[in-house]
Amino acid sequence: MSVVPAIKNAAAAAVQALYQQAFTAADIAVNTTKPEFEGEYTIVVFPFTKFSRQSAEATGQTLGQYLLENHPELIAGFNVVKGFLNLQIHHQYWTQYLHTAFANKTPGQKPANGRKVMIEYSSPNTNKPLHLGHLRNNFLGYSVAEIYKANGFEVIKANLVNDRGIHICKSMLAWQLFAHGDTPESTGIKGDHLVGDYYVKFETILREQAEPIISRVLEGDFHDFEDAEKERVQKLFAALQKPEVHNDKEKSAKITDEIKELSRNKTEIMQQAKIMLQQWEAGNPEVRALWQTMNGWVYEGFDATYKRLGIDFDKMYYESNTYLLGKDLVEEGLRKGVLFRKEDNSVWIDLTADGLDEKLLLRGDGTSVYMTQDLGTARLKYDDYQMEQSIYVVADEQNYHFKVLKLILEKLGEPCAEGIYHLSYGMVELPHGRMKSREGTVVDADDMVDEMVNTAATHTEELGKVKGFSDEELRELHNTIGLGAMKFFLLKVDPKKKMIFNPEESIDLHGFTGPFIQYSHARIRSIMREFSEEELADLESYTYAGELLPMEKELIMLCEQFDGILEDAQKEMSPSVIANYAFLLAQTFNSFYAKKEQGKYIYSVRDAETADRKKLRLQIASLTANTIRQGMKLLGINVPERM
RNA sequence: GGACCGGUAGCUCAGCUGGAUAGAGCAGCUGCCUUCUAAGCAGCAGGUCAUUGGUUCGAAUCCAAUCCGGUUCACCA
């Protein structure tokens, strides 16, 4: 058991014995001791004064004395400042821990706990390449999966590919109309980018064709529309003329947007895309063949990107296989009376009692919507794996969708409902706001990686510390650093917060960054390289017996916290917990490394004052390096031996 | 308008299950390479923790109200 839980247990038992009060370990606050006081961990004693009928000071004394007498192996001394009981942990606890842990290559790894979770992430559309937003999603999903594994869970990494629908048809149609048979091979363009280019082409044509229609509507000419749509457009136009709307920028923009949307739907190219979608759904062989071909190009592109990013999956789901699911669930829901049918034959669920709205599940013509597919897919996943938790890594703009998804599954009595969890993360924004594909401000994932790797290469070159590296080793190093910088940048922030990325400023390589931590690791490894295999093997049986110097103790203490950090990261589903920790650990080692008194490096390993001290510091170096490496690995980041 | 999320140093963020004098990084300014890697270390400067009120021995943290920003409330996905 780690120290902090040990202290909490001991304190809970002490409170029980001293005051006959049932305090659980979880109710006891234990912090690290402020540097100006003596001790390592501090118990806050104020909560006990209610029944100790003593001052906080006296209560602290009593509790401290009790702990000292009953846990001499753990507590070596204490002092009380106001209501804070500062505990000195027995130095043998630290050296023992160091002895057992320093050579462990996977610190914090817990044995299998028999629990199974699925994590769905990435989930790209096959009509365009990945962008910066996907990178946050991918890194987050991958890292959370690794963190779960480290905590003993069995994890299924799943990717639900959105490989069908109107947006795919847009790329397909534009390719058919304008590509003259171009392929990734003929153009040398990566498949996903090639397909994405035709998506952009489609949008350009669409805009051109929509322009005159929009102008006509705004001039009061509605001849492009018929029946209900005409009525709708007329209504919107009329609303726009009202002075209270005219003067409200937000409202008029909203109405104008709706007019634009209706107009876009009326364009010839959009009509063609819709026909293509119908043909796809009807299984038209030509359309299906084109779809297969173009998706194939995209998958080749995605695979290359995933491989480069170090992202992988255990299970792929394709929407073309799942988009019809969910209808059974709707039928069952109707029978159970959970759902109801309206006059136009559409099927709904009434969530007004839960403070939400009515939600459509089947259109009047019997076709399904996004929600229906997700209901069916949730059941499919559960049938496949019976996992206790199903995590969806999806941006926070879909918070409402997932709230509703879970609620409907609960109402339908589906066993998968309880485990549904939306890991909602904030969007990556540019300094001027969201990325918009229509405005061409989307930051492409492949470009981004290239740029970071180049930056890393340039910087490595400038520092000139890589003599003797082969070209292959250099390439690998640049990748490790560039990707490390990018991953760390996107993972160091709490997932639920949105984050700003400024493409003008490249991601830093100094300070609170991946490369800083990678550098610290390389530096430790460089220290260890000075020693022979025998010297290192010798450490296995060695336990340091003396007192520890402050920073020696500090490093051991920090590493000892890694177990708890991993648990926190898993509970909060937040890689940022580990990122912050890894930075603190690296920073602390750097201080240890550079600490100078009277012109001498007082924590030098090579020039340690005794042979014992040298072994101790080597063990500390090894422990720190292993902990940093493992922490970074859980973020999906490699650490180099040299840089 | 309803629901949800956010507001901490010039900038980007930790801290938020209440605990000691609110911390990092970047940017700015000082020092430190005859040193086990200076992608580093040490230091200076920078704060009405959005505002107001409440609960408490104690509030950046909990509650309420207000202000500001965002997302969402599609027969799109």
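All chains are named by letter (A, B, ...) in the order of the sequence lines, taking the proteins before the strands, and each is independently numbered beginning at 1. As the structure is a prediction and not an experimental result, all values here were calculated from the model.
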Novice: Which one is paired to B/rC62, where only Watson-Crick or G-U wobble pairs with both distances under 3.5 angstrom count?
Specialist: B/rG54
Novice: With both distances under 3.5 angstrom, what nucleotide forms a Watson-Crick or G-U wobble pair with B/rU12?
Specialist: B/rA24
Novice: Which nucleotide sits closest to the side chain of A/Pro47: B/rG19, B/rA77, B/rC36?
Specialist: B/rG19
Novice: I'd like the P distance from B/rG6 over to B/rA50, given in whole Å.
Specialist: 13 Å
Novice: For B/rA77 and A/His167 - does any side-chain N or O of the residue sit under 4.0 Å from the phosphate oxygens OP1/OP2?
Specialist: no
Novice: I want to verify a distance call: between B/rA14, B/rC41, B/rA20, whose nearest atom is closest to the A/Ala594 side chain?
Specialist: B/rC41
Novice: Give A/Glu641 one of three labels, base, sugar-phosphate or nothing, depending on what nucleic acid heavy atoms sit under 4.0 Å from its own.
Specialist: base
Novice: What do you reckon, do A/Phe84 and the base of B/rA20 stack, with centroid distance below 5.5 Å and planes below 30°?
Specialist: yes
Novice: Return the pairing partner of B/rC41 with a 3.5 Å limit on both distances, Watson-Crick or G-U wobble; otherwise return none.
Specialist: B/rG31
Novice: Hey, does A/Lys498 reach any base, or is it just sugar-phosphate, or nothing, if we go heavy atoms under 4.0 Å?
Specialist: sugar-phosphate
Novice: Starting from the 5' end of RNA chain B, give me the residue, A/Ser604 or A/Thr32, whose nearest nucleotide shows up first.
Specialist: A/Thr32
Novice: A/Phe46 on top of B/rG58's base, within under 5.5 Å and under 30°?
Specialist: no
Novice: More 5' along RNA chain B: A/Thr33 or A/Gln373, using each one's nearest nucleotide?
Specialist: A/Thr33
Novice: Side chains of A/Asp163 and A/Asn295: donor-acceptor distance under 3.5 Å anywhere?
Specialist: no
Novice: Counting only side-chain nitrogens and oxygens, does A/Arg523 get under 4.0 Å of the OP1 or OP2 atom of B/rC41?
Specialist: no
Novice: So what does A/Val44 hit on the nucleic acid, given a heavy-atom distance under 4.0 Å: a base, only sugar-phosphate, or nothing?
Specialist: base
Novice: Keeping the roles fixed (side chain from A/Thr49, backbone from A/Val45), state whether a donor-acceptor pair exists under 3.5 Å.
Specialist: no
Novice: Given B/rA3, B/rC41, B/rU71, which nucleotide is nearest the side-chain atoms of A/Arg434?
Specialist: B/rU71
Novice: With the side chain of A/Val369 defined as its heavy atoms from C-beta on, choose the nearest nucleotide among B/rA77, B/rG6, B/rG25.
Specialist: B/rA77
Novice: Mind calculating the distance between CZ (A/Phe489) and P (B/rU12) to the nearest angstrom?
Specialist: 11 Å
Novice: Please check this pair: side chain of A/Glu535 against backbone of A/Ser532, looking for a donor-acceptor N/O pair closer than 3.5 Å.
Specialist: yes
Novice: Is the ring centre of A/Phe583 less than 6.0 Å from the ring centre of A/Phe516?
Specialist: yes
Novice: Within this structure, what is the NZ-to-C1' distance between A/Lys596 and B/rG31, rounded to whole angstrom?
Specialist: 11 Å
Novice: Measuring only the C1' atom in each nucleotide, how far is B/rC11 from B/rA27? A whole number of Å is fine.
Specialist: 8 Å
Novice: What distance, rounded to whole Å, do you find between the two C1' atoms, one in B/rG25 and one in B/rA14?
Specialist: 10 Å
Novice: Looking at B/rA20, does its base get a donor-acceptor pair with the side chain of A/Thr42 below 3.5 Å?
Specialist: yes
Novice: At less than 4.0 Å, is any side-chain N or O atom of A/Lys497 found next to OP1 or OP2 of B/rA14? Yes or no.
Specialist: yes
Novice: Per the atom types in the model, does the base of B/rC75 pair as donor or acceptor with the side chain of A/Asp344 at under 3.5 Å?
Specialist: yes
Novice: Which part of the nucleic acid, if any, lies within reach of A/Met643 when heavy atoms closer than 4.0 Å are counted: base, sugar-phosphate only, or nothing?
Specialist: base
Novice: Taking atom C1' of B/rC36 as reference, at what distance in whole Å does atom NZ of A/Lys595 sit?
Specialist: 18 Å
Novice: OP1, OP2 of B/rC36 versus side-chain N and O of A/Arg606: anything below 4.0 Å?
Specialist: yes
Novice: Let me know the distance between CD of A/Glu572 and P of B/rA14, rounded to the nearest Å.
Specialist: 12 Å
Novice: Can you tell me if A/Arg523 uses its side chain to pair, donor with acceptor, with the backbone of A/Tyr593 under 3.5 Å?
Specialist: no
Novice: Between B/rC63 and B/rC16, how many Å separate the two C1' atoms, rounded to a whole number?
Specialist: 15 Å
Novice: Taking only side-chain N and O atoms of A/Gln587, does any of them lie within less than 4.0 angstrom of OP1 or OP2 on B/rG25?
Specialist: yes
Novice: Between A/Arg617 and A/Ala608, is there a donor-acceptor pair closer than 3.5 Å when you use the side chain of the first and the backbone of the second?
Specialist: no
Novice: Is there aromatic stacking of A/Phe37 against B/rA20, centre distance under 5.5 Å, plane angle under 30°?
Specialist: yes
Novice: Name the pairing partner of B/rG1, where a pair is Watson-Crick or G-U wobble with both distances under 3.5 Å, or state none.
Specialist: B/rC73
Novice: With rounding to the closest Å, how many angstrom separate the C1' atoms on B/rA60 and B/rA9?
Specialist: 14 Å
Novice: Does A/Lys614, at its NZ atom, have more than 12 non-hydrogen atoms belonging to other residues, nucleotides or ligands within less than 6.0 Å?
Specialist: yes
Novice: Once you round it to whole Å, what is the distance between C1' of B/rA27 and CG of A/Asp508?
Specialist: 10 Å
Novice: Write down the distance between CD (A/Glu358) and C1' (B/rG2), rounded to a whole number of angstrom.
Specialist: 15 Å
Novice: What's the gap between B/rA45 and B/rU61 when it is taken at their P atoms, as a whole Å value?
Specialist: 27 Å
Novice: May I ask you to verify if any side-chain N or O of A/Tyr593 is less than 4.0 angstrom from the OP1 or OP2 atom of B/rA38?
Specialist: yes
Novice: Could you check how far CE of A/Met499 sits from C1' of B/rA14, rounded to whole Å?
Specialist: 14 Å
Novice: Could you state the atom-to-atom distance from CZ of A/Phe512 to P of B/rC13 in whole Å?
Specialist: 12 Å
Novice: Determine the Euclidean distance between corresponding C1' atoms of B/rG69 and B/rC32; express it in Å to zero decimal places.
Specialist: 44 Å
Novice: Under 3.5 Å, is there a donor-acceptor pair between the side chain of A/Arg363 and the main chain of A/Ser368?
Specialist: yes
Novice: Kindly indicate whether the side chain of A/Asn86 and the base of B/rA20 share any N or O donor-acceptor pair separated by less than 3.5 Å?
Specialist: yes
Novice: Any side-chain N or O of A/Ser591 under 4.0 Å from OP1/OP2 of B/rA42?
Specialist: yes
Novice: Compare the minimum distances between each of B/rG19, B/rC73, B/rG40 and the side chain of A/Asp357, then state the nucleotide with the smallest one.
Specialist: B/rC73
Novice: Just to be sure I understand the rule, does A/His459 reach a base, reach only the sugar-phosphate, or reach nothing, if contact means heavy atoms closer than 4.0 Å?
Specialist: base
Novice: If the C1' atom of B/rA22 is compared with that of B/rC13, how far apart are they to the nearest Å?
Specialist: 14 Å
Novice: Hey, does A/Ser576 reach any base, or is it just sugar-phosphate, or nothing, if we go heavy atoms under 4.0 Å?
Specialist: nothing
Novice: Which nucleotide wins on minimum distance to the side chain of A/Arg363, given the candidates B/rA77, B/rC4, B/rU21?
Specialist: B/rA77
Novice: For the backbone of A/Ser122 and the side chain of A/Asn137, can you confirm whether one donor and one acceptor N or O come within less than 3.5 Å of each other?
Specialist: yes
